[in-house]
Structure formats: structure tokens, C-alpha cells
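First comes the structure, then the notes that go with it.
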Amino acid sequence: SRLDHIRNFSIIAHIDHGKSTLSDRFIQVCGGLSDREMQAQVLDSMDIERERGITIKAQSVTLDYKARNGETYQLNFIDTPGHVDFSYEVSRSLSACEGALLVVDAAQGVEAQSVANCYTAIEQGLEVIPVLNKMDLPQADPDKVAQEIEDIIGLDATEAVRCSAKSGLNIEDVLEDLVARVPPPEGNIDGPLQALIIDSWFDPYLGVVSLIRVKNGSIKKGDKIRMKSTGRDHLVDGIGIFTPKMTATGELCTGEVGYMVGSIKEIHGAPVGDTIVSTKFPDVDALPGFQKVKPQVYAGLFPVSADDFESFRDALDKLSLNDASLFFEPESSDALGFGFRCGFLGMLHMEIIQERLEREYDLDLITTAPTVIYEVLTRRGDVLMVDNPSKLPDPGTIEEMREPIAECNILVPQEYLGNVITLCIEKRGVQIDMQYTGSQVALKYEIPMGEVVMDFFDRLKSASRGFASLDYSFTRFQASSLQRLDVLVNGERVDALATIMHTDSVRRRGAALTEKMKELIPRQMFDVAIQAAIGNQVVARTTVKALRKNVIAKCYGGDVSRKKKLLQKQKDGKKRMKQIGNVEIPQSAFLAVLRVD
Ligand code: GTP
């Protein structure tokens, strides 16, 4: 039957293990694009993804593969992101698949994130097929890595295909393995429609476009459908697949994955995880959908120009359509005016959202220092969730402060174990478990989330020459000794610069912070005093000395092109500055706290 010739799969791979290169090879083997169209890494379509070389959004490609048995199979490949911040998207993509390829760099070995994603796949009932990539590299050690896959994940990898996405070695064997081992989809082709929305995004011309997986029945252009969550009816305007070009087919049947356009103009008209049914059979059950993920990092985002507030709101609305993890609510700051408090999965997620807002929506934004969310028990017995340090109640009214704790799974080669343990201790980590598996050590630590989400990942990488890997998740809130550190600029408390820190490090960090800010705040026509304070007690102080007049005179003297350059520089700099009282503070100074250990 038709279903027997469909295979839906994802690729689980750690960043840089070669997922994009391998998927490009699949497209090439199956003739999805001509050479001219075959841009480098076609799946990573967003500019930012291409520049940073990482995959952020899940996307799909439908390919026809003529197998060695003479039959042609429809392969639906759902892309997944590889970074630790985006693991929630992995489970979303996996829910549309019956199988997953676990791609492991044969020269690097297994990474913590892949382990976590494999477990998710196995829990969701998927067939996981290991593949050893980068066999062209001289340092590839497939036997060792196969053993590691077995030791750490528990998958037999002795028969795993050994390939090179770069040279093209054994790529067809990978596809053969897929066809042979991934089960075909199940479902009732003749039953009433039931389809899952895996992803939705806003297209300025088409309105909302959704990536869907048909579980039962079929969906055709011209059909009348109902969204289970909103109860609204829509006419299907377009149905098709990505080859990877958007290609209209007019119909998607049970087991298939593709796009649907339904003249849905309101942004939240087709939410991710929603179920699409036919208006003829509106009582068909909703599918389980997706677990809602909680943001771990919060920051205030403020438009540099107050006029941009409404377009900022609109942009956030559109971005949140295909990013259920993005949280935002209006916020006002004495220092920065009106903006939004936004919640993110991690620092990378925050950077990417800020970049997308600036590039795709042409906004200039100031971001305040990120923070985690704290649980505060007041003397009166109320429990408050505080996602903004400046909103912390008066210390005299607080009974107990609790910080979020992350359970961290780290894989590290033995020679870097000492460094990594030292780092975990410095970050207030508590060891839960340690196991030697082949040449890597599996560590389990509980570390305050506030320490993990900031620079822990980068520090871990530098402590292990890039070899350690990390996966983490929230476990619980735990009582801790925490204090708010305020920053005063020329005697004025700046709410947007407040941070919450552990008592043991607050003074040291306060001193380091004022030093750092002194470097970052440009000299002005007058002295600028920067103070760090806990309550009314100033714990550190620095001064940005005033510019001397003759310095300015010299800068502006003579040479026209130099003068122009200087003015241009000032103009560019202005974009990301905010006037606090009579002092101009650049974006970098708002994030200075990230740069003190
Ligand atoms: P993300 O999109 O960030 O998750 O990365 P990815 O897993 O998609 O990795 P990508 O395909 O971008 O490959 C990462 C790097 O490894 C690139 O520089 C590739 O050229 C290289 N690479 C991929 N496959 C191979 C291979 O088989 N051999 C060698 N030598 N290099 C490879």
C-alpha cells in the first residue's frame, strides 16, 4: 500500500557532527535540487543560521528515493536543531517521525546532547539508527566510537554504516538502512482527517504557513478544516511538500508530512501542537500536542526609540508563533522606558531572538542583563516568582529566597575530568554521580541554573579544549543565600542594571562589575561615578574621567574623511545607547555583568 513506501525520520546529531552536510547529500542522491540550486546547506534557510552555522528551526524535506530493491520510497526528513538551548524542538520534530538517524562524528565520539535526544526518541517509540560520519578523517576511530554508543546509550552500533557526508562515501547505504529499519507510518487512509501542526510561521504574503503531519485521512486543497484549539474553520488554500522548494501537490495523505496554507491571517490561528480536523468530522479527538517548555532566562528588551514600541510588540507576536518557548509581557523601567520582559530557553536563544528582531524587523533594542527566575517566600507567607531583580521585594520582608537548580549531564574525556570538576565546584555544583564509560566520563551534577545558563557552556568548552558536552534540565527550587546588587550611575540607581547574586560572590562581582563598566561607558564631558551597592551600602566604586577639551579639539581637527568617519562611528554607536540621566550608556555596559566571573 501507499503507507508501506513512506519513511518519516529525523536526524539526531550534535552540532558539527555533520547533520546538514549529510542531509544535503540525501537531497543530492535523490535529485531534489539541481547542482545550481544546491546552495551550501539548503536546509538552514535563515541568514542567522547560515552565519552561525547552526540549525535553529525544524524544517522538512520530502525526497523520492529509488532503493536497491527497485521500489521508490517517499522519505520525509524533518530537520532538528542541535544546540542545547533548543532540545524542546527536537521532541517536536520527533513526534512526526517513526525513526531517527543518530549521526556521530567518528573522530569525536558521543556528546551529552545527543544522548538526551536519543532517550527522547526511544521514549517516543522511534527506531534509532546509529551512523558513524566523517570516516574520511585520519583520526576517525569507528570501533571506539561504536563501543561508546553501546556503553553510553545502549544501542548496538557494530553494524552501523560508516560514512562520510563530505566525500559522499556510503551515503546510499545510510538510505538503504533507513528504508529497511524505519517502520512505515500507521494510520487509516480512509478515516476522518486528523493532522498535527509541527510548526507554524508567518509569511507576509501567505499568512500563516504550517508544517503538518497527517495522522489519519487526507487533506486536500479546497477542503474545509477546523482547528481544534481555536474552534475556527478555514478553507485550505494550498497543500504541498518541501523538495526542499515549496511545491504544491494539492493533497497530503495519511503518514505524509508537508505544508498547509489556510488563509489564516491572525497570528495565533494555527498554534504549534494543534490538531487539524475536517469540518465534516469535527468531533475527531485532538492529538496529544507538545509539552509546554518553560523559559529559563529572562531579560528586559527595550526599543532604543520609544516610537518603535508597537512594532516591537507586533514582531514579538510573530516570532512567538513558531517559538512557543518565547515568553513576553510589557514592562516599564525608570531608566529604559517601555519595553518587554522576555523569557528564553538559554543565552543562545536570547541572542538569536534579539538578532532576528533587529534584522528581520529592523528594530534597535537594548537588552538588560539576563537573570533566572527566583522563588521568594515573604514573611507574610506569600510565594512570589521574581523574573526581574528590580522587582525583588524589600529584603526586610523576605523570609527565604530560592534559586532554580539544574541537573547537568556532562560527558568529558578522562584527561579533562579534573578541569571540569573544578569548574563545577566553582559554579556551586554538587556531584550526584560519576561513571567511567570507555574513554569518556559521565558526570551528573546539580548546579544553580543561574550559573549554568550564563557562561557555563563556554567555560566547560574551554576547560576541555572543546571536548566536554552538556545537557541540562530544571529540577527544583532550593533555598539559597542571595542578594540584590544595585548599580548607581552618578548617584542614581539604575533599575535595569540590578542583578541577583549569591552572597559569597556579590562583593567580588560588584567590584569586578564597576571596573568592567568603567571600560565600557565612554568618557563624557564630566566625571561619571559608577557604584555597586547592596541595599544602602556601597560596596565598590569607579569613575569614568571626563574628556579633556583639547582631546576633542584634536579629534575634530583638519582631515575631512577622518571627521566623517568619526561622526559615522558616533551615529552607529548611538543606535545602541541609552540616555540615563545625562549619561549615555552603551548596550555592552548593560551586559557587563556577564563578563565578570
Ligand atoms: P548544526 O547545523 O550546527 O547542527 O551542524 P551540523 O551537525 O549540521 O554540521 P554540518 O553539516 O554543518 O557540519 C559541520 C562541519 O563538519 C562542517 O564544516 C562540515 O563541512 C564538516 N563535515 C560534515 N560531514 C563531514 C565528513 O563526513 N567529513 C569531514 N571531514 N567533515 C565533515
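Numbering of ligands and ligand atoms starts at 1, following listing order. Since the model is a prediction, treat every value here as computed from it, not as a measurement.
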Taking the side chain as every heavy atom from C-beta outward, state whether Glu127 and Phe9 have any pair of such atoms under 4.5 Å apart. no
Numbering as shown, the atoms of ligand 1 that approach Ser164 to under 4.0 Å (heavy-atom distance): 26 (C), 27 (O), 28 (N)
Does His17 approach ligand 1 within less than 4.0 angstrom via side chain, backbone, both or neither, non-hydrogen atoms only? backbone
With atoms numbered from 1 as shown, which atoms in ligand 1 lie under 4.0 angstrom from a non-hydrogen atom of Asn133? 24 (N), 25 (C), 27 (O)
Between Asp16 and ligand 1, is there a nitrogen or oxygen pair with a distance under 3.5 Å? yes
side-chain contact (heavy atoms from CB on, under 4.5 Å) assessment of Gln440 paired with Val412: CA-CA 5 Å; Gln440 294 209 71; Val412 57; 5.6 Å; no
Determine whether any heavy atom of His14 lies closer than 4.0 Å to an atom of ligand 1. yes
Evaluate the ring planes of Phe26 and Phe77, with Trp represented by its six-membered ring, and classify them as parallel (under 30°), tilted (30 to 60°) or perpendicular (over 60°). perpendicular
Parallel, tilted or perpendicular, as decided by the 30° and 60° cut-offs, for the rings of Tyr298 and Phe327: perpendicular
What about Gly18: any of its N or O atoms under 3.5 Å from an N or O on ligand 1? yes
Just so I know, are the side chains of Leu155 and Leu102 near enough to count as touching, which here means a heavy-atom distance under 4.5 Å? yes
Using a 4.0 Å heavy-atom cut-off, say whether Leu137 meets ligand 1 through its side chain, its backbone, both or neither. side chain
Is there side-chain contact between Arg7 and Tyr73, with heavy atoms separated by less than 4.5 Å? yes
Under 4.0 Å from ligand 1, counting heavy atoms only, is it the side chain of Ala165, its backbone, both or neither? both
